[in-house]
Number of protein chains: 2
Amino acid sequence: MSEPRPILPEQLEAYLALKDVAALLEHAVEKQLRDDGGLTGPQFQILASLRDMPSGKLRMTDLADGLVYSRSGLTYQAAQLERAGLVTRAPAEDDERSTVVTLTQAGRDLLGVVMPGHIQVVQSLLLETLTDADITAIAGILGRVRDQMRAAPPRSATTRRSKRPA
Amino acid sequence: MSEPRPILPEQLEAYLALKDVAALLEHAVEKQLRDDGGLTGPQFQILASLRDMPSGKLRMTDLADGLVYSRSGLTYQAAQLERAGLVTRAPAEDDERSTVVTLTQAGRDLLGVVMPGHIQVVQSLLLETLTDADITAIAGILGRVRDQMRAAPPRSATTRRSKRPA
DNA sequence: TATTGTTATACTCTATAACTATA
DNA sequence: TATAGTTATAGAGTATAACAATA
């Protein structure tokens, strides 16, 4: 089979630049989170997700929706956070199957410690090098791309049981 | 200890969109590489880097320049690839300290097997959702950002703090 | 039976530091 | 001494599948 459509140089450049920028940025961010708060990227994302909720609580399933991890991976991370006293876990009142994860005050405090550095890294590495027009363009274009990717079927969170009869 | 500069909503959106798109794309790409060729992302990158050289060879140090890994990590990956028969390793002729990694025919063949699917994933998830103008914008803006990030002082720009158990 | 989450297991990856050898 | 690379080790992260409990 021939290759579907030869990728154009500018298309390749767009893809590679996106990939490289994201990788370099992620690397710097993870180092900052580790150095300033002993957190990994996934752990920080979980804490930040919880803080975005007025109640500071989310079910495991709701948390998983925003992340790219398997369920067991999320359980593992939640256990780490609980062990560090940054969240608590308890069965949901309305559905005993569900686990509600709640941000503790210590978790909130740690976010307060880590956020300034986090913002600083993102600003100095990414935002400060962009014009306002650049930022508008990136936010608009990639925002649309993200929405389309999320709407697409191949979601990784769908570790659902496949019903293919043998 | 106020946050240096409050991040604007559009700035945050640009950052988060970039992060999410890259993560979703990477996830899809890695799955394709694994399914079609039994390769991890880093391994594919090494093979692709070698194929981009007319000679099909690169020194370990040259390879490391394009990747974000530590030396030991690169050694590990190179060993995996060698074990799979996709590359060979030999000391450089002009400098006995250096190791030259060479793409084998099997490695080249595997790239041939994997590339069509790889391109297809990138096109369907990213490129096909973008206009030509979008692609030009992304390539230009992020290309510049990447160059600046690479030129920037490595990783010591971030603040240093004591570690916390997590 | 389906859903929610955990556990058990096995494996991959990554980093740090110590080490060898060449320059 | 500095550079190129490997090895030893150790820890963290992830996925899959089996499992338990609730709906």
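Labels below follow one simple rule: chain letters A, B, ... track the order of the sequence lines, proteins then strands, and each chain is numbered from 1.
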Let me know the distance between [atom1] of [X] and [atom2] of [N], rounded to the nearest Å.
X	N	atom1	atom2	answer
A:Tyr76	C:dC11	OH	P	18 Å
B:Glu96	C:dT20	CD	C1'	14 Å
A:Glu93	D:dA23	CD	C1'	17 Å
B:Gln80	D:dT6	CD	P	13 Å
B:Gln43	C:dC11	CD	C1'	13 Å
A:Leu74	D:dG13	CG	C1'	13 Å
B:Arg97	C:dT22	CZ	P	11 Å
B:Leu33	C:dC13	CG	P	12 Å

Query raised in the report: Is any side-chain N or O of B:Thr40 under 3.5 Å from a base N or O of C:dT12, one able to act as donor and the other as acceptor?
Result: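 Counting by modelled atom types and ignoring angles, no donor-acceptor contact under 3.5 Å is found here.
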**Report entry** Any donor-acceptor N/O pair under 3.5 Å between D:dG5 base and B:Arg71 side chain
**Finding:**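 Present.
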Requested in this report: Indicate whether any N or O donor in one side chain lies under 3.5 Å from an N or O acceptor in the other, for A:Gln105 and A:Arg108.
Outcome: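 Short answer, no.
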Report task. Just call it for A:Thr99: base, sugar-phosphate, or nothing, with non-hydrogen atoms closer than 4.0 Å on any strand. Result -> sugar-phosphate
Requested in this report: Scan A:Thr75 against the nucleic acid and name what it touches under 4.0 Å (heavy atoms): base, sugar-phosphate only, or nothing.
Outcome: base
Verify the contact: side-chain N or O of [X] to OP1 or OP2 of [N], cut-off strictly under 4.0 Å; return yes or no.
X	N	value
B:Gln77	C:dT14	yes
B:Arg89	D:dT6	yes
A:His27	C:dA15	yes

Report task. Select from A:Ser72 and B:Ser72 the residue whose nearest nucleotide in DNA chain C is closer to the 5' end of that strand. Result -> A:Ser72
Requested in this report: State whether the side chain of B:Thr104 and the backbone N or O of B:Gly85 hold a donor-acceptor pair below 3.5 Å, judged by distance alone.
Outcome: yes
Query raised in the report: Are any non-hydrogen side-chain atoms of A:Val87 and A:Thr102 less than 4.5 angstrom apart?
Result: no
Query - DNA chain D: 5'-proximal contact among B:Arg34 and B:Asp95 (nearest heavy atom) - result: B:Asp95
Query - Salt-bridge criterion met for A:Arg150 and A:Asp147 (N-O under 4.0 Å) - result: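 No, this pair does not count.
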Report task. Would you indicate which nucleotide in C:dC13, D:dA15, D:dA2 comes nearest to any side-chain atom of A:Ser70? Result -> D:dA15
Query raised in the report: So if you build clusters from Ile, Leu, Val, Met, Phe, Trp, Tyr with side-chain heavy-atom gaps below 4.5 Å, do A:Leu16 and B:Val114 land together?
Result: yes
